[in-house]
Each structure stands twice: as C-alpha cells, then as structure tokens.
Amino acid sequence: MTMLTALLDILDREGLYRPADLARRLSVSEALVEQMLVTLQKAGYLQAVENCSCSAQRCTDCPVQASCATRRARLWIVRRPAAGRPPDVS
Amino acid sequence: MTHVFTIALAGQPNVGKSTVFNLLTGEHQHVGNWPGKTCEQRIGFYHHNGLTVRIVDLPGAYSLSANSEDERIARDFIIRDEPDVIVVIVNAAALERDLYLLAELLILPRPVVVGLNMLDVARQSGALIEPHVLAAALGLPVVPMVASRGEGLPALMAEAIRLAQNAQPQTPNRPEIRRDHQKVLDDIQNLIAAYVPPPYPPDWTALKLLEGDAEITALLRQQMGPAWSSVETILRQHDDAFLAVVSGRYEWIARMVRAAVVQPQAGQLTLTDRLDRLATHPIGGLLFLLGALAVLFWLTYAIGAPLQAWLETHLVQAAARLARQALSGSPTWLAGMVADGVISGAGTVLTLLPILVIFFAGLGLLEDLGYMARAAYVMDRFMHLMGLHGKSFLPLFLGFGCNVPAVMGARIIESPKARLITILVSPIVPCTARLSVVAFLAPLFFGAHAMWVSWGLIGLNLLALALVGIVLHELFLGGEHTPFIMELPLYHKPNLGVIARILWQRLADFLVTAGSIILVVSIILWALSNFPNGNIETSYLAGFGRLLTPIGRLMGLDWQMMVAMLTSFVRKENTISTLAVLYSGQEGGLNAALTARLTPAAGLAFLAVQMLFIPCVATVAAIQHETRSWRWTLTSILLLLLLSFAAGIGIYQGVRLFGWGV
C-alpha cells in the first residue's frame with residue numbers, strides 16, 4: 001500500500017486524528033504528513049475548516065467565541081476517505 | 001567570446017531563493033513582468049571566468065501542478081524556455097516539504113543542482129543532514145549552503161556551470177508511480193506520444209494526465225481530437241491514479257529523508273509534546289479533562305457559592321427591605337413589584353456573578369493556555385465510542401458554551417440526516433446557562449456534596465446524549481461517518497488581558513440578559529403571582545401551575561417548582577428569578593425556602609429535569625430555522641420533554657425506593 005493510500009485508509013477508520021498520530025502510524029515525519037495534507041487539500045480530499053465552521057457566522061459574532069475549542073486549532077474534514085478520484089478533478 | 005548560459009532558480013516560497021538571487025546578481029538585475037502576467041519577473045546576470053550566466057528567478061512554487069499563477073509560470077518557463085540548468089533551493093530545516101518540488105522537476109529533462117540552504121537553522125532544530133549522502137541518494141549534485149551568510153554560493157554556481165557545460169545527461173533517482181499503475185502510465189504515454197506538442201515531454205504529460213491536471217487535460221483533448229476518447233476511457237477506469245502518482249513522490253521523499261537526515265533524539269521533546277502525552281492520551285486525557293473540570297467546579301463552589309449566599313442575604317434581601325421601606329407610602333402593588341419582582345427576581349440572578357466570574361475565568365484560562373482544543377480532541381474520542389463522532393463533535397462541543405451556535409454549527413455537516421441528528425441532540429449538551437442554575441441550586445440541596453452531584457448531572461446529560469445519539473445514528477445513518485484531522489495549537493503562557501476580555505464578553509452578555517429578558521419575565525411573573533387578589537395561592541399563576549401538579553407530584557415538586565421549570569424556556573436563568581419571586585415572602589429568603597420545602601430527592605429530580613428540559617426559546621428558534629421544519633422542531637421539544645420528565649421521575653422514584661433523600 002502506498003503512502004497516500006495508507007493515509008486515506010487510516011482516515012477511513014473514522015475519528016479525530018492529529019498530524020502527529022498520522023506521522024507515527026505511517027512511520028514518517030510530521031512535516032511530511034503536513035505536506036501530504038496540503039496536497040490532499042489541494043486535490044479536494046480534505047477540506048479546511050475555518051471560523052469554527054459556522055459558515056454563516058463570523059467568529060466576532062459568535063456568542064461562544066470566548067470558549068471556542070478550535071479558535072487556534074487547524075482542522076480538516078476528510079471529504080472522501082476512500083480511494084477515488086479527487087472531487088474537483090475532472 | 002563570452003558564453004551565455006541560462007539558469008532557472010527554482011524553489012518553494014521562503015527558502016531563501018531571493019537572497020541567493022540578490023547575492024549572485026548584485027546590481028545586474030532587470031525587473032519586469034512575466035509575459036502576459038502581472039507577476040514580477042526578475043532576471044539577473046552572474047559573471048565568472050569569462051562566462052556570463054543569465055539567472056531567471058522563478059516565482060516560489062510548491063509543485064508544478066498549476067495550482068496557482070506562480071506555479072503555472074514556473075512550469076511554463078522550465079518547459080518552454082528550456083534553461084540549461086535548474087538550480088533548486090531547498091530549506092534544510094523543512095526538507096520534506098521542499099523535496100516535493102524537486103520530485104516533480106526531476107521528471108523534466110533538464111539538469112538539476114540542489115542548493116541545500118539554511119543548514120544552520122536545521123542544525124539549531126536538532127536535525128543533522130548529510131549533504132553527500134543526500135547527493136548519493138538523489139543522484140544529483142547537492143551543495144550545502146547558508147545563503148544569509150553567503151556560504152556555499154560559489155560552489156553552487158561552479159556546480160551549475162559544470163553541469164551546463166557537460167553534455168552528459170543526468171541520471172537522477174526519480175520518483176516512480178505506484179507499481180500497479182506503471183502499465184497504465186505506459187499505455188497513456190503510447191496513446192498520446194504522437195499528439196504531445198513540443199516542448200512538452202511525453203512522460204511528464206502522461207503523468208499530469210493521470211494526476212488530473214486540468215490544463216494538460218484540456219491541451220491533450222484539443223490536440224488529440226477523436227483519439228482522446230481512448231485516453232479518457234483509461235483515465236475513467238483508473239480513478240485512483242492521482243493517488244498512485246503523488247504517493248510515488250511521497251515515498252521517494254521519505255526514502256531521501258530517511259537516508260540523509262538524522263532526526264532529533266526522542267529526549268528533545270518540546271513542552272507541548274510532553275504535556276500532550278497526558279492531555280491527549282485516550283484514558284489519561286479524559287481523566288485530565290475530568291480533573292481540570294473538577295478543579296473548576298470545586299473553585300466555583302468553594303469560593304463562588306458562599307459569595308453568592310452572602311450577596312443573597314446582604315444585598316438582595318437587604319435591598320428588598322430598603323425598597324419596601326422607601327415605597328411604604330406608595331400603592332402596595334408598586335412596593336411588591338419593586339421588592340419582590342425586580343429586586344428579588346432579577347436581583348437574585350445577579351448574585352450568580354461570583355459563580356460565573358470563577359467559571360468563565362477558569363474556562364478562559366484553559367482556552368488561552370491552548371488546552372480547550374485538547375479537550376475537544378479527547379471528547380471526540382469519547383463521543384466516538386458513543387456513536388457520535390466525525391463532524392458532529394464540533395457543534396456539540398460549542399454547545400457547552402451555548403446551544404444556539406451548536407445548532408447553527410451543524411451547518412458544516414453535508415449529510416442532511418447527520419445534520420438533523422446533530423441538531424436534535426445539541427440541546428442535550430449542558431450549556432453554561434443550565435450549569436449556572438445547577439451551580440446555584442446544587443449547594444442548597446446537597447451542601448458539601450454539590451460538586452459530585454453536579455458531576456453526576458453532567459454525566460447524566462452525556463449519557464442521555466450518547467443514548468439518543470446512538471439510537472438516532474443507527475435509525476438514520478446506519479454507520480455513516482466523517483473523519484477529522486486536527487492540528488493542535490502550541491501551549492503558551494496565558495495572557496491575563498486575553499482572559500479578562502473573554503470573561504468580560506461572557507459577563508456582559510449575561511448582564512444584558514439579566515437587565516432585559518430576565519427583568520421583564522420577573523415582573524410578569526410577579527404580576528401573575530399577585531393578581532387578581534394579592535394572594536399567591538389563588539393567583540393566575542397558581543391556577544396554571546396547579547395544572548402541572550400531577551406531573552410534579554411524581555417528582556416530589558410543588559407547582560412553584562414546575563412553574564420555575566417552565567419559565568426556563570425563555571432563558572435558563574429565569575428558573576432562579578422565578579423561584580426568587582415565588583418564594584420572596586418566605587423567612588430567610590430563597591435559599592432557606594428551598595431547603596425547607598424540597599427533599600434532596602426532589603431537589604435532585606428537579607436539577608435532572610432542568611439539565612434535560614426543552615432548551616431556551618432562542619435555541620428552539622434556531623432549530624426551526626436550521627431544520628426549516630415545525631415538525632422536527634416539535635419533535636425536538638417533545639423528545640426533550642419526555643427525556644427530562646422520564647429522568648426526573650425515574651430519579652425521584654428510584655431514590656425513594658431505596659429510601660434515600662426523602
């Protein structure tokens with residue numbers, strides 16, 4: 001199994017992952033995982049979550065921004081964890 | 001005669017490429033625009049031993065995939081202008097990231113020299129890189145450099161000129177496509193070979209087609225005409241080709257890094273790494289979270305509750321007495337409304353301030369430390385065990401602050417069914433308003449055991465959330481899930497100014513509500529409890545409240561407690577202001593009245609119902625808005641009514657059965 005396939009295979013098992021977890025499982029450095037995440041994001045496999053994902057609400061208007069768990073954490077949602085053509089590639 | 005070579009200076013952004021370009025070319029630079037583009041083009045000249053080298057500084061590019069204008073310009077120049085040599089500058093401190101561009105460049109038939117820059121930064125981070133080993137692994141010349149000090153530049157240029165003068169083609173160690181796709185690549189290459197327009201290399205073009213590169217796909221579709229259909233058929237049959245191509249590059253990078261880089265020893269863990277070993281551990285992390293919240297609740301009860309009781313006695317009751325004295329000459333209803341409605345009602349809610357200050361300051365401290373993201377991470381694992389995971393965790397976690405953004409946050413969930421489940425279970429998350437009511441009432445009923453009771457109530461909500469979530473998940477989704485990746489922020493020293501701002505935001509919101517909604521509801525309740533004849537037992541409110549007595553009796557609650565429960569629909573804190581209005585005439589004030597009238601079993605049942613009761617009107621409005629369905633809104637209300645009363649009745653009857661707290 002190749003590296004990106006292995007990464008997507010891990011993500012296919014659901015849950016919340018940190019790049020450090022993924023690096024340990026793939027036996028590569030965290031920096032390489034970061035780079036793979038960038039590639040997968042550009043290809044449409046991952047979607048970056050911004051502003052607590054409250055798409056209609058900016059952080060400044062959010063009543064719970066003070067205790068928002070993800071204000072400083074970067075988050076990605078896996079759009080298609082199984083192997084397949086990236087969503088935005090024709 | 002001066003011989004002129006062209007060198008393309010390539011690299012990802014922030015690798016020190018501009019420093020290299022400036023040091024090499026000095027004042028011999030020309031700055032313009034790339035033809036037909038708005039991006040700046042920088043060309044300079046380097047003179048050495050009678051040779052003139054034209055250096056073209058390419059825009060910083062992460063890859064040659066034409067994801068951006070800069071990447072498109074860089075790849076077009078390398079392919080169309082065919083420089084004599086490509087000098088790739090890589091940051092030794094971020095080798096994994098920078099080698100990706102090199103992996104793509106090696107597919108193109110141009111000689112390459114690698115400038116291994118920022119070696120000093122890499123050394124400081126603890127990484128030991130061996131340039132000669134990297135050179136052997138790559139099959140390319142690698143020149144160690146510290147461009148900021150001018151180190152390595154003459155050697156870099158000497159190597160580039162040597163390659164430009166050398167007619168022998170390079171044979172680098174190139175990345176390979178995943179083995180099971182090699183035949184696919186060969187087939188595509190054979191099919192397109194006759195159609196690839198020069199100067200595009202056919203093997204590179206075939207790879208780009210497998211990657212799904214839109215620009216190259218459009219070019220070949222146009223060039224091939226009807227013959228394109230056979231290529232398209234193969235591409236459709238191999239929809240994972242992108243992964244096969246890109247994985248090959250990452251495996252190549254991993255091999256190169258393993259060969260040439262000695263990573264920092266495990267002993268050199270950062271503070272964040274060390275703390276996260278506990279804070280994100282599957283079991284230890286959950287215990288740590290429980291411990292952090294236990295300390296927070298303990299501080300809230302140990303310091304906040306006595307202060308609240310003091311304020312109740314010395315501020316609210318004293319102010320009510322003063323108001324009655326001051327208004328002794330005015331109509332009875334006016335003195336009653338001010339003393340019992342405004343001061344006892346809304347005023348009692350204001351005595352919650354010490355509790356809220358400690359609770360919100362504690363949450364603000366945890367947030368500013370960077371811990372709350374870890375709490376979300378640990379909680380997701382916990383919810384995952386309960387069948388609630390993936391995208392649902394984020395809005396549900398927001399629900400601990402307030403249920404309204406939790407319901408609205410469900411918009412991120414693409415699946416309508418999963419979104420609906422998240423909306424339906426969001427109000428079960430104990431928001432700070434519910435918790436503040438518990439923080440007020442639990443010490444009255446349970447004294448020193450209040451913290452454990454509060455914990456049990458939060459546990460009850462999480463259990464209910466899990467059960468409802470599992471049932472709805474199984475009913476609607478049948479195992480559908482969405483994974484997350486979360487990069488946790490570094491821990492850092494808390495900033496008191498930031499915590500103060502967080503605290504003020506929350507308190508300001510609370511004070512505005514106390515001064516508006518809660519004040520108005522208190523006055524209305526006072527009026528309903530005093531009309532038509534000034535006797536609360538025969539008032540309109542009592543008449544309505546007694547309709548609820550049959551249900552209340554099953555939980556040991558009188559009609560006043562049931563009315564207090566109902567008014568929490570407007571705003572959760574209204575429970576306290578309502579009780580304060582209804583028990584305002586009692587000796588010793590609200591605290592004494594509640595402890596005298598309710599058994600611990602009834603108090604526990606009341607708190608359980610309060611925690612699971614239908615949410616405030618703002619949350620219900622958000623549910624209607626997000627589901628666009630009155631049917632689902634009413635379903636949510638009905639679900640929570642059933643859940644809360646079932647819990648209240650179950651707890652009261654269960655406790656009585658064992659003879660506890662009666």
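Residue numbers start from 1 in every chain, and the chains themselves are labelled A, B, ... in the order their sequence lines are given, proteins ahead of strands. These numbers come from a predicted model, not from an experiment.
Judged purely by atom type and a 3.5 angstrom limit, A:Gln35 has no side-chain atom pairing as donor or acceptor with the backbone of B:Tyr100.
Heavy-atom distances place no part of B:Arg179 under 4.5 Å from chain A, backbone and side chain included. The parts of B:Tyr250 that come within reach of chain A are both its backbone and its side chain, each placing non-hydrogen atoms under 4.5 angstrom from that chain. Using a 4.5 Å cut-off between heavy atoms, B:Ala254 touches chain A through backbone and side chain atoms alike. Contacts between A:Leu22 and chain B at a heavy-atom distance below 4.5 Å involve the side chain alone, from C-beta outward.
A:Met36 CE to B:Arg249 CZ: the interatomic distance, rounded to the nearest 0.5 Å, is 14.0 Å. How far CD of B:Glu211 is from CG of B:Leu243: 11.0 Å, rounded to the nearest 0.5 Å.
Note on B:Glu251 versus B:Arg255: no salt bridge recorded, every NZ/NE/NH1/NH2 to OD/OE distance being 4.0 Å or above.
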